[in-house]
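No hydrogens, no waters, no symmetry mates; every other heavy atom, side chains included, goes into these values. Note on naming: letters A, B, ... go to the chains in the order of the sequence lines (proteins, then strands), and numbering restarts at 1 for each one.
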Number of protein chains: 2
Amino acid sequence: MERQAGQLAGLVEDVMHYFGAQGMEEECCGEKISSGEFRALRAALCHDVCTMQHIAKSAAVTKSGATRIIARLEDKGLAHREQDQQDGRVCCVTLTEDGQSLLHRIEDQLKNKMLVILAAMDPAMRKILIISLKSFLQTAQDKKIINGYNVDIVNK
Amino acid sequence: MERQAGQLAGLVEDVMHYFGAQGMEEECCGEKISSGEFRALRAALCHDVCTMQHIAKSAAVTKSGATRIIARLEDKGLAHREQDQQDGRVCCVTLTEDGQSLLHRIEDQLKNKMLVILAAMDPAMRKILIISLKSFLQTAQDKKIINGYNVDIVNK
DNA sequence: ACATATAGTTGATTATGTCAACTATATATT
DNA sequence: AATATATAGTTGACATAATCAACTATATGT
């Protein structure tokens, strides 16, 4: 299993390499948003009620970083911020129409990229790829929670 | 397959989320190098003869960005730059002892993280995860070359 | 020998994030 | 009810890392 871990680490690095630094960024760039902004958009769409804390965690920035990101998205007309009804301290982030359609456009690009790759793969391989990746991510998520990784993000 | 592509796109985004934005960066930080510098280190180790162009492409920055990155790595004593023998214009980047051991330390951290996750997975699932991921990346790489994606990076 | 292409560097600037101090709201304690 | 404390988010000053455009230096085609 030691060897498997080494292999997997390399594979994950490669995934980040192909679809992270080079892939994603280039896809996004046509749309003129940064990767932090992209992650924030994604977070705002995923979470039903999306606070600044959620943004900060999803984009892996401090809460002040989250403030800047959302401020930029608001300037670009992609997101919107309003005070929570229940708790006046928290601030709910929602996407505008433009924000939603932009996010979908970017995600479609990634999806199309996947489609090209999947089409060149064996059908059985496609199936186990998705099953095993799902299982992997599920386990990773569980482990993170178990390890108490999901601490609140504060200023250091 | 359309649906599979959508699922896969989401899964890949999640991988980048867990091991990219939040995971990797935090691992690196203890070692005080940026993610661009990390990618440059990796590129320098992978490529047998690593030019600034390779660095730029691997780190997804412009060539001037690559210059800055390598300058920083040289200052930190992690990399070394010298003129190519065959072509005086090109500049070969190599890692110092320190650079190599740092890169290995970081990669070990990722490996250990994988070990924790793998340990919690079913052995059969572990196996197909690695097999299918390998196949996926291999196909992705082939497709990129076919699509002529590996263009030279210039200043826009 | 001269024009053009390619590899890399540099000065000025921009983009994105951090830190620490702050405001505002909520919750607990007496 | 008054006060202390915790929590959510914002802001000013600053750091870092990247870009762009202009540059130097070497190589290649005619």
| field | Selected nucleotide, minimal atom distance to A:Arg68 side chain, candidates C:dA12, C:dT25, C:dT18 | value | C:dT18
| said: Return whichever of A:Gln85 or A:Gly65 has its heavy-atom-nearest nucleotide of DNA chain C closer to the 5' end. | reply: A:Gly65
| Cluster question for you: counting only ILVMFWY and a side-chain heavy-atom cut-off of under 4.5 Å, with indirect links fine, are B:Val90 and B:Leu73 together? | no
| Which whole-number value in Å describes the distance from B:Asp87 CG to D:dA25 P? | 16 Å
| query | Does B:Lys76 reach the main-chain N or O of B:Lys32 with its side chain, forming a donor-acceptor pair under 3.5 Å? | reply | yes
| Can you tell me if A:Thr96 uses its side chain to pair, donor with acceptor, with the backbone of A:Leu78 under 3.5 Å? | yes
| request: Classify the side chain of A:Arg89 versus the base of C:dT23 as yes if they form a donor-acceptor pair under 3.5 Å and no if they do not. | output: no
| message | Does B:Arg72 contact D:dT16 through a side-chain donor or acceptor facing the base, at a distance under 3.5 Å? | response | no
| request: Would you mind telling me which of D:dG9, D:dA18, C:dT9 lies closest to the side-chain atoms of A:Met52? | output: D:dG9
| If you check the B:Val61 side chain, which of D:dA8, C:dA7, D:dT19 turns out closest? | D:dT19
| query | Can you find an N or O donor on one side and an acceptor on the other, under 3.5 Å apart, linking the side chain of B:Ser64 with the base of D:dC20? | reply | yes
| Integer-rounded Å distance: D:dT10 P and A:Ile70 CD1 | 9 Å
| request: Grab the CD1-P distance between A:Ile55 and D:dG9 for me, whole Å please. | output: 10 Å
